[in-house]
Amino acid sequence: MRIGVTGASGLLGTALVPALRGAGHAVTRIGRGPDSDVRWNPAAGQMDAAACEGIDAFVHLAGANIGQRWTSGHRREIRDSRVAGTTLIARTAAAMAPQPRVLVSASAVGIYGNAADAVCDESAPAGHDYLAEVCQAWESGADAARTAGIRTVHLRFGVLLSRHGGALGKMLPVFRLGAGGRVGDGRQWMSWLSMDDAVAIVRFALDSEALSGAVNATAPSPVTNTEFTATLARVVHRPALFPVPALALNLAFGEMAQATLLASQRVVPRRLLSAGYVFRHATLEPALRAAVNE
């Protein structure tokens, strides 16, 4: 296929694009930078639709980073970058002739809010906090493609494990110094996914005609933060003796800490398992070892 990819320079995109090309697909990079094959400006609703002619599928990964203190301006950027981008891709796809076969659009487990110990499959209700609202609007942004009859998949990603960035990229240097530990009381659930599985799940969603709607893109074995940090410490052969108090996180990061670092999401990939997807890394320790040594 010819596949249009937004967010190609992001953490997942940099792993996905070479994998798609290695599988024989042609990749069209959609972005604002000079290395983009198709230029777009989601904030202005502008996209070179003519340059998208012949695209068979879209993979939409673009969105502003959430891993910093949320000022009012950054809150708007987080929401607008996701909703405007998804809306633009969906409307462009719906207007194409012929239309693409599928739109695979990123979402996040943040849609479930702080769910405590509840097990969340795709039928679980959405939460009521800021990130849950953003995720709902993010997924609704694809309505134009859905209405046009284009198969649309929302991959609700958990924490991606890569030493090159994201949460693990920030944690590794600290843990390698022996200065890591649990976050808050450590009882909050973390839903994680290896980078190998993240890439494979995108490809699975592209190919699986029966798959549409919300799909949890997480490993089948979520863990508590205490278990996650203890496992990471074991993998890097260091103790995990220095917990980070919730109060310190709240003072440093405010709402972002409550919604991401301290929120509990015990998410399971029911629809992927039902569709026959086989995980490369179904349990945490092998996944962390692969990520640390990638």
Side-chain angles (χ1 to χ4, degrees), residues 6-16 31 42 60-86 105-115 127 129-135 137-138 155-177 179-184 186 188-195 198 217-219 222-225 228-229 232 242-265 267 287-288 291-292 294:
T6 74
S9 61
L11 184 63
L12 176 53
T14 53
L16 177 66
H60 175 45
L61 304 176
N65 182 15
I66 67 170
Q68 63 188 70
R69 192 178 184 92
W70 294 347
T71 62
S72 58
H74 191 55
R75 281 168 61 99
R76 285 193 300 272
E77 184 185 8
I78 289 170
R79 190 185 194 283
D80 292 349
S81 66
R82 286 161 171 76
V83 178
T86 305
S105 186
S107 183
V109 297
I111 198 167
Y112 301 113
N114 189 344
D129 61 13
Y130 167 72
L131 272 190
E133 187 274 332
V134 167
C135 290
W138 192 2
L155 293 179
R156 294 174 174 174
F157 286 106
V159 177
L160 297 184
L161 302 184
S162 171
R163 66 182 179 89
H164 300 296
L168 182 60
K170 294 176 181 177
M171 295 170 71
L172 260 180
V174 177
F175 274 75
R176 282 175 165 154
L177 289 172
R182 73 174 190 271
V183 174
Q188 69 272 30
W189 288 89
M190 297 178 63
S191 298
W192 57 272
L193 185 68
S194 75
M195 190 58 68
T218 63
V223 296
T224 63
N225 179 264
F228 186 96
T229 52
L232 178 56
F242 297 92
V244 183
L247 178 60
L249 291 170
N250 287 325
L251 289 173
F253 298 109
E255 182 186 12
M256 188 278 281
Q258 284 293 331
T260 60
L261 303 173
L262 299 171
S264 182
Q265 286 135 1
V267 178
L288 281 175
V292 168
E294 66 184 349

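Start at 1 with the first residue, then count along the sequence.
- Contact between A217 and L193 at its shortest, heavy atoms only, is O-CD2, 3.4 Å.
- Side-chain contact check for F228 versus V159: every heavy-atom pair is 4.5 Å or farther apart.
- Considering only heavy atoms from C-beta on, V267 stays 4.5 Å or farther from R156 through its side chain.
- Across every non-hydrogen atom of A132 and I111, the tightest pair is CB-O, 3.5 Å.
- T6 contributes a side-chain N or O that, together with a main-chain N or O of L61, makes up a donor-acceptor pair within less than 3.5 Å.
- With values rounded to the nearest 0.5 angstrom, N65 atom CG is found 8.0 Å from I78 atom CD1.
- Inter-residue side-chain proximity for E255 and D129 is flagged as unmet; no heavy-atom pair is nearer than 4.5 Å.
- Using a distance-only test at 3.5 Å, with no hydrogens or angles considered, a donor-acceptor pair links the side chain of S81 to the main chain of A64.
- Y130 is linked by a ring-ring contact (aromatic ring centres under 6.0 Å, His included) to W70, counting only residues two or more places apart in sequence or in another chain.
- Under a 3.5 Å cut-off, the side chain of S264 and the backbone N or O of W189 do form a donor-acceptor pair.
- Applying the side-chain hydrogen bond (donor to acceptor under 3.5 Å, both in side chains) definition to pairs two or more places apart or across chains, those involving residues 161-171 are S162-E294.
- Counting all heavy atoms, side chain and backbone alike, A62 lies closest to G7 at CB-N, 3.8 Å.
- When atom types are taken as modelled, the side chain of Q265 and the backbone of N114 share no donor-acceptor pair closer than 3.5 angstrom.
- Checked against salt bridge (Lys or Arg N to Asp or Glu O under 4.0 Å), R182 has no partners two or more places apart in sequence or in another chain.
- In terms of heavy-atom proximity, A287 sits nearest to S194 at CB-CB, 4.2 Å.
- When the salt bridge (Lys or Arg N to Asp or Glu O under 4.0 Å) test is applied to R82, no partner is found at least two apart in sequence or on another chain.
- Separation of atoms CE (M256) and OG1 (T71) is listed at 11.5 Å; rounding is to 0.5 Å.
- Two residues are said to be in side-chain contact when any heavy atoms from C-beta on lie closer than 4.5 Å; R176 and V292 meet this criterion.
- Nearest heavy atoms, A198 versus L160: CB-CD2, 3.9 Å.
- In this structure, M195 and L161 have side chains that are not in contact, with every pair of non-hydrogen atoms separated by 4.5 Å or more.
- Counting only heavy atoms from C-beta outward, the side chains of L232 and L172 approach each other to under 4.5 Å.
- Taking CE of M190 as the reference point, atom OG1 of T224 lies at 9.5 Å (rounded to 0.5 Å).
- A pairwise comparison of heavy atoms in Q188 and V183 identifies NE2-O, 3.0 Å as the closest pair.
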Would you list the atom pairs, donor with acceptor, under 3.5 Å between side chains in residues 243-254 and any protein atom, with sequence neighbours excluded?
residue : atom : partner : partner atom : Å
N250    : OD1  : Q258    : NE2          : 2.9
N250    : ND2  : A246    : O            : 3.2

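- Residues passing the salt bridge (Lys or Arg N to Asp or Glu O under 4.0 Å) test with R69: none are found, sequence neighbours excluded.
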